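Notes to accompany the following structure.
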Protein chains: 2
Amino acid sequence: MTGRTRREKVDQREGDILIAARDVFVENGYDQARMAEVARRAGIAEGTVYLYFKSKNALLFAVLARFWDDLTAGARAGVEAETPGLPRLRCLMQYHMDCLSRDIELLQMAAHVQNLLYGDPETQDHLRRYVSVFDDVFRQCQALGQLSTDFPVWMARDLFFGTMEYSARTMRVRGVEQSAMVVAHLMMVFETSYRADAGEHPQSLNGVDRLDAVSDRLEEVVRQLLRSGQH
Amino acid sequence: MTGRTRREKVDQREGDILIAARDVFVENGYDQARMAEVARRAGIAEGTVYLYFKSKNALLFAVLARFWDDLTAGARAGVEAETPGLPRLRCLMQYHMDCLSRDIELLQMAAHVQNLLYGDPETQDHLRRYVSVFDDVFRQCQALGQLSTDFPVWMARDLFFGTMEYSARTMRVRGVEQSAMVVAHLMMVFETSYRADAGEHPQSLNGVDRLDAVSDRLEEVVRQLLRSGQH
DNA sequence: AGTATTAATGAGTCAGTTTCATTATCGTCA
DNA sequence: TGACGATAATGAAACTGACTCATTAATACT
């Protein structure tokens, strides 16, 4: 606390603001988030926030940038601990789905913001770096002969991110946790539609995966029941 | 112009506001859209808008409701002119993709709003009706034996809407028009991953399917329980 | 025409973001 | 150490834009 240089203090304060802002944004959504509340939680005056971020929008961008960066780091780490090829793909899928379920509010805001300021290349960079984790994994599957090279990567990418994002959104509306099934299903789709030896029969989503998924869902339902029973 | 009843005039004015609002929202995005501008374009005073829609949010809802309804009508009409089964699926896909490309701004706002007010059943109804067009077409494909019945509809739905929405968004960022490719690709995915004659190991899934159904039923029961417990 | 009911107006309120003149803190050097 | 310039923080006030409401206009009804 004592021996910190001015620069360190400033960095620390910027971090405090970002953390406070993230909380406030997630709790209230962008529109309902109050700059005054962000300042209060960061323990500074309202005007001070504007020394660090030039507007509410810029603040959200900064929060999202950090979020994407964390996501990228986590994904790279998780993926590299797996054997190359399809297992890595499944691992990334699982990771992405988990993050989506956990932080869907932030991601919705990202889409909202994307709408506002797409075109600014700087703002999209963090997202692009995250997306490239998938690109790498997918290309490696192709290189290993596990997936067909007949399709451009962007198609698989749209399928991958699009399906999961939409699932996460509807899951939330329906109030059910079914990420395991989503992952199993999407993995099946990748394996059947993009399989390298296209002459063979597609393999169906296997029984164990689905049993897994069903039990996850049941567990979730029961857990909700228990939780609500305590009030 | 002369012989109109009061009711007709009011309806007309409501329509004017909705059209003006839609334009303003699409041109500026939700945050940058000004109620004053909507009023100006509709040729009325600012306060008058609030006689028809109780808030800016309500106005956006109304715009989206009309949008979904138009979409639904168009989709039903287009689909019914096709031969049942996969051709209808392809037709709906094409239709949805075209609408997405054209009106992606509105759809982004829909996601934003969904975020704000999800939970209100009334607001989601128009969207739900549109989605059910897909459900019907997909179930018919299953009934005709063109697609497998191994999978719940919601999985196919997430794949369908998720992929296309994401594609439309990225297409716009990249500034390329490739909807035809997206449709062809997604259709291929449906045909290979959901093909009915996955005759290799369908029986082994039977038990899991039934477990699935049990879980669905349980889930419903528990949810009812939770709902009633809150009153 | 007279009156009641419904519709429209737009100046004003209010909540929330952003600015900026002022004040405090820090690092440096005599 | 103390004085000085540079950097950081403050919070009251300006600004912006959604929303209200007392007042006025239009319409229907007798």
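Keep in mind that this is a model prediction, so the values were computed, not measured. In what follows, every chain begins at residue 1, and chains take the letters A, B, ... in the order their sequences are listed.
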Practice item. Would you check if the side chain of B:Arg88 reaches a backbone N or O of B:Val79 as a donor-acceptor pair within less than 3.5 Å? Key: yes

Check your understanding: Can A:Asp136 and A:Gln140 be counted as having a side-chain donor-acceptor contact under 3.5 angstrom?
Key -> no

Exercise for review: State which residues pass side-chain hydrogen bond (donor to acceptor under 3.5 Å, both in side chains) with B:Glu82; sequence neighbours excluded, sorted by chain then number.
Suggested key: none

Check your understanding: Is the centre of the B:Tyr194 ring less than 6.0 Å from the centre of the A:His185 ring?
Key -> yes

**Study point:** From CZ (A:Arg172) to OG (A:Ser101), nearest 0.5 Å
**Key:** 11.5 Å

Exercise for review: Grab the CZ-P distance between A:Arg40 and C:dG16 for me, whole Å please.
Suggested key: 14 Å

Study note, to complete from the structure: When rounded to whole Å, the CZ to P distance for the pair B:Phe53 and D:dT20 reads 15 Å

Revision key, fill the gap. Per-nucleotide protein contact along nucleotides 7-19 of chain D, 5' to 3', at a 4.0 Å heavy-atom cut-off (B base, S sugar-phosphate only, - neither), is BSBBB-----SSB

